[in-house]
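Positions are given from 1, in the same order as the sequence printed here. Counting starts at 1 for both ligands and their atoms, in listed order.
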Amino acid sequence: MQQMYRDTWAEVNLDAIGHNVRQMIQQLPEKTKMIAVVKADGYGHGAVEVAETAIASGASALAVAILEEALELRNAGITVPILVFGWVAPVDTPIAAEHDLTLTFFQKDWIRQVKSYTFPRPLKVQMAWDTGMGRVGVRTESELHTLTEELMDAANMRLTGVYTHFATADEQDLTYFYKQKSRFQTLWQAFSELWNKPVAVHTGNSAASMRFPDEMCHFIRFGIAMYGLYPSNIMKQENVIHLQQAFSLNSRLIHVKEIEAGESISYGVTYTSEAKEWIGTIPIGYADGWLRKLQGFKVLVDGKYMPIVGKICMDQTMIRLDQAYPVGTIVTLIGKQNGEEIGMNDVAGYLDTINYEIPCNISKRVPRIYTGSDNPFSN
Ligand SMILES: Cc1ncc(COP(=O)(O)O)c(C=O)c1O
């Protein structure tokens, strides 16, 4: 375990990750396998640890956003297929081939340039289809024809899959989702008239997989729900799969003092006490991803909610306590304490954002401690 000299840490419960993966796999037909999405350092949970746990729990492959993330997994000794979602420069394709990584493409020029390289084995590639996300991917049938034809004589590449990404699969109104599905069908029709070798097909993120597990073709791409977070509030209410949140964030009181009425706290003196008050200081701040906008939000001490008072500093945050507590008392910023809970969704709601953003934002300065008996690193 990493040496900690400061009492602020995130706990990642790998049993929860394993539980969420198994819950999802149970819903899928036999033919549909799972790609565990561990981009952005496993949504801030730790890519290698999450990947190992997901694989041990039944995931067949992994996906990341950038080449560096894929290399980190290979360097950790992970051998399952790894798909890179993002654009990788043609000049960097030899390193991908060398590490048996699968790259995403969606441009004719990209194929043309990559054709000129010699790889020790064919580079695995997958074609992204933009059916309405508007981010990357082939949009029209004529573009699809051009790309597919360009790929046909590329002996140094092997097309292993085609995929699309939904923009609204987590919403109540699924009209746009069905429009994307129908665009995908049209593209698939055009593609299958040209291409007669088998390819894997995958369309579903967590939301689509949880809602339509029987329609997910060869793979699902399971991201946010693997971490125990629902893709949206409406899906949390639907609760088709019972997820367990894996991530919690903790600190300890490093200073406790009583202040008089009329005394102020932190930069800009935005908080002034109305009576005598106990104030605690915790060693976490916006440099840890505990953002300044969280002023006024709450934390848990002794199983009770205590407000954050004054501006959050770069490295420290002040809270109002209901009584004196000893230095060293645990403060939970995200997670459970004595039956009370501050969920990832509570933090996201306060910040007017989505739960995805919260663990991604907790910076590298906060060590991740892995717990749970599913933990492949516990021995
Ligand atoms: C292409 C692609 N597939 C799958 C996912 C996983 O989505 P989710 O985390 O909603 O399951 C993402 C994440 O944004 C993605 O970009």
N/O of Gly223 under 3.5 Å from N/O of ligand 1, yes or no? yes

Answer yes when Glu340 and Lys304 have at least one side-chain N-carboxylate O distance shorter than 4.0 Å, and no when they do not. no

Contact between ligand 1 and Met133 is defined here as a heavy atom of the residue under 4.0 Å from a ligand atom; is it met? no

By side-chain contact (heavy atoms from CB on, under 4.5 Å) - contacts of Arg6 (at least two apart): Thr8, Pro283, Asp288, Arg365, Val366

Please write down residue, atom name and distance for the protein heavy atom closest to atom 7 (O) of ligand 1. Asn205 CB, 3.5 Å

Without swapping roles, check the side chain of Tyr305 against the backbone of Glu341 for a donor-acceptor pair under 3.5 Å. yes

Test: Asp41 and Lys364 ion pair at under 4.0 Å: yes

Atom 5 (C) of ligand 1 has as its nearest protein heavy atom His165 CE1, 3.7 Å

For ligand 1, is there an atom lying under 4.0 Å from some heavy atom of Met226? no

What atoms of ligand 1 come closer than 4.0 angstrom to any heavy atom of Ser206? 8 (P), 11 (O)

Crowding at NZ, Lys115 (>12 non-hydrogen neighbours, <6.0 Å): yes

Just to confirm my output: which protein heavy-atom neighbour is closest to atom 14 (O) of ligand 1, and how far is it? Lys39 NZ, 2.8 Å

Thr168: partners by side-chain contact (heavy atoms from CB on, under 4.5 Å), with sequence neighbours left out: Glu171, Tyr176, Phe177

With nothing but distance in play, are any N or O atoms of Phe85 less than 3.5 Å from an N or O of ligand 1? no

Verdict with reasoning, Gln245 to Lys336, per side-chain contact (heavy atoms from CB on, under 4.5 Å): CA-CA 10 Å; Gln245 182 177 308; Lys336 290 185 184 152; over 6 Å; no

Under 4.0 Å from a heavy atom of Ile224: give me the atoms of ligand 1 that qualify, with their elements. 8 (P), 9 (O), 10 (O), 11 (O)

Do the charged groups of Asp352 and Lys293 touch, with an N to O distance under 4.0 Å? no

For atom 3 (N) of ligand 1, the closest protein heavy atom turns out to be Arg221 NE, 2.7 Å

Minimum distance, heavy atoms only, to atom 6 (C) of ligand 1: which one of Tyr227, Tyr356, Tyr43 is it? Tyr43

Which protein heavy atom lies closest to atom 16 (O) of ligand 1, and at what distance to 0.1 Å? Arg135 NH2, 3.0 Å

